[in-house]
Amino acid sequence: MAEILVQDLHKTFQTKDGILEALKGVSLEIETGDIYGIIGMSGAGKSTLVRCMNYLEVPTQGKVVVQGKDLASLNGAQLRMQRQKMGMIFQHFNLLMQKNVLDNICFPLTIQGVKKSQARQRAMELLEVVGLSDKAQAYPAQLSGGQKQRVAIARALASNPSILLCDEATSALDPQTTYSILELLKDINRKLGLTIVIITHQMSVVREICNRVAIMQAGRVVEEGSVAQIFAHPQSDVGRELVSKDSPSEGDTRTLTQDRIQSGNRIRIVFSENSSFEPVIANLILTFKEPVNIMKANTKNVGGTAKGDMLLEFMPGSTQQEAMKDYLRQRGLELEEVSDHE
Amino acid sequence: MSEAVISMLWQGVQESLYMTIFATLFGYLLGLPMGVLLSVTDQGGLSPNRVVYRVLDVIANVVRSTPFLILLILIIPITKAIVGKSYGPTATIVPLVIAAAPFIARMVEGSLKEVDAGVIEAAQSMGATTFQIIWKVLLVEARTSLITGATIALGTILGYSAMAGAVGGGGLGDIAIQYGYYRYETDIMIVTVLLLILLFQVFQMAGNAIAGRLDKRK
């Protein structure tokens, strides 16, 4: 049985400019333990969809079944009970600004009537999980964006939910912080077996953390499947666009390096406009009869001129490294050593 | 200044404080729930209710658009029924409360509407009831703004209480009118005005200090 089952969901809003159809028949199945990405451009309906999953938005038509329960069949009190089993985090964190970190995390517990001392103990445990034990007495205004999101995650986990809904949870954060928050979510998913639903417009987030993904456009799911499959063969136009626009974040290169700590030396080379006509790498390989591994290649517009940027890795134990570097320098390429332990 | 005048002025200060503080207190007893209801039942509020909102909205507008001095005279029968007489500081509290409550309600409504919709949504996503959201989110997050509002209310009610002096309401306003207007003793009037300004300053400074100390957003 699916953890979250969404069937033919429609949602229309009455706005000043007329009727807005945010969802036009969305169906999804999210399995227990999934980290499920829902990606799309802004206005695609993904935030509305995630709000239908805990009935913050009541769908106009269609069904949402969570852990076997049709949300439409629940009364007010039952729905609130169900929501307590589903944590949610937001783009702008939505912490109580007038309460300190500890009280923020206690909040979902106090509204459930948990005793204050017990709630505090649980909150301290969670602060440990998100790595902010020293910030218990701080107020949200004193924290950075990443720290606020950690507090929000701790708060969302306080009542031991089995599902975590993330609405653009990393969109207000810089790449490095995004990466650390995603690592935390991955960790939580692994350790607590939490099902996580991630709404995002960043393909890097999906690639980093999700195992399944749905691509949305104009209120519909245009493509759905495993992340690996969609990355390899995107079927829809939006899918292709998202995949092609995706560029590795700083965090990725780091994991990559960590994974391959035993591999050969790396260099970064930069092509300028005139040097990019010659097939330098192919010629290099032909000349030295030794392959090099292209780890990453990219073209960027730097101040009006096209610059190629490539990360090469020599074969482990290669004896021709220095000669090869000279060869590249002679062809007018800029070279830079990349250390393994960066 | 004679001792008699000084003791009269001192009594005036006490009466003014008595009227202002109690009228504000009772004003909030009525105005706070009314303001909460206004913000909660409005379109886009926590639990929209067109009928409740309209009724409260009309009441607030009618009372607020009636000049205080006229309201004061208009409700003399009600004042008599509650206090037993229509003059003096205690009697003045009744019209003060009636005039202040809708004013306070509007300010409370405004303060609560300032609360970030995202925080309310977060509380809803955790399964909080409407009452819990009012009590533990709206009133807590709007705290600073509510206290600033209370400071404004206190000042306004002090001003209204002085107006009541025209019909024998007691307090500093009464003294200012009797001596300054009827007897042309301008010096006493000026002193009462200075005392009113002083009181107003004290309220304002205390209010700002409390609001600042309780604000955790900075």
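Please read all numbers here as calculations on a predicted model, not as lab measurements. A note on names: the letters A, B, ... follow the listed sequences, proteins ahead of strands, and every chain is numbered from 1.
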Exercise. Which bit of A:L79 comes within less than 4.5 Å of chain B, counting heavy atoms only: side chain, backbone, both or neither?
Worked result: neither
For this session: Count the heavy atoms belonging to other residues, nucleotides or ligands that lie under 6.0 Å from CD of A:E125, then report whether that count exceeds 12.
Result: yes
Problem set entry | Pairs of heavy atoms under 4.5 Å with chain B: top-ranked of A:Q91, A:M81, A:Q142, A:R155 | A:R155
Exercise. What's the shortest heavy-atom distance between A:I111 and B:G127, and which atoms?
Worked result: CD1-C, 4.1 Å
For this session: Taking atom NZ of A:K63 as the centre, report whether more than 12 heavy atoms of other residues, nucleotides or ligands fall under 6.0 Å from it.
Result: no
Problem set entry | Option that, when pairs with chain A are counted at under 4.5 Å, heavy atom only, ranks first among B:K136, B:R217, B:E121 | B:E121
For this session: Would you mind telling me which of A:R83, A:Q98, A:M86 has the largest number of heavy-atom pairs within less than 4.5 Å of chain B?
Result: A:Q98
For this session: Can you measure from OH (A:Y139) to CG (B:D215) and round to the nearest 0.5 angstrom?
Result: 10.5 Å
For this session: Let me know if B:A117 has heavy atoms under 4.5 Å from chain A in its side chain, its backbone, both or neither.
Result: neither
For this session: Using non-hydrogen atoms and a 4.5 Å limit, figure out which bit of B:V115 sits close to chain A: side chain, backbone, both or neither.
Result: neither
Problem set entry | Side chain / backbone / both / neither for A:L56 at chain B, heavy atoms under 4.5 Å | side chain
For this session: With sequence neighbours excluded, tell me which residues meet ring-ring contact (aromatic ring centres under 6.0 Å, His included) with B:F26.
Result: none
For this session: Report, as yes or no, whether the 6.0 Å neighbourhood of atom CD on A:Q78 holds more than 12 heavy atoms from other residues, nucleotides or ligands.
Result: yes
Exercise. CE of A:M41: more than 12 outside heavy atoms within 6.0 angstrom?
Worked result: yes
For this session: Search all heavy atoms of A:P108 against all heavy atoms of B:M126 and return the closest pair with its distance.
Result: CB-SD, 3.6 Å
Exercise. Do A:L95 and B:V119 have side-chain heavy atoms sitting under 4.5 Å apart?
Worked result: no
Exercise. Going from CD on B:Q132 to CZ on A:F107, what distance comes out if it is rounded to the nearest 0.5 angstrom?
Worked result: 7.0 Å
Problem set entry | Polar side chain donor-acceptor pair, B:Q124 to A:N54, under 3.5 angstrom | no
For this session: To the nearest 0.5 Å, tell me how far B:T144 OG1 sits from A:M97 CE.
Result: 11.0 Å
Problem set entry | Among A:Q112, A:R51, A:Q82, residue most engaged with chain B (heavy-atom pairs, under 4.5 Å) | A:R51
For this session: Could you tell me whether the side chain of B:V140 reaches within less than 4.5 Å of the side chain of A:L96, counting heavy atoms only?
Result: no
For this session: Identify which part of B:I120 has an atom lying under 4.5 Å from any heavy atom of chain A, answering side chain, backbone, both or neither.
Result: neither
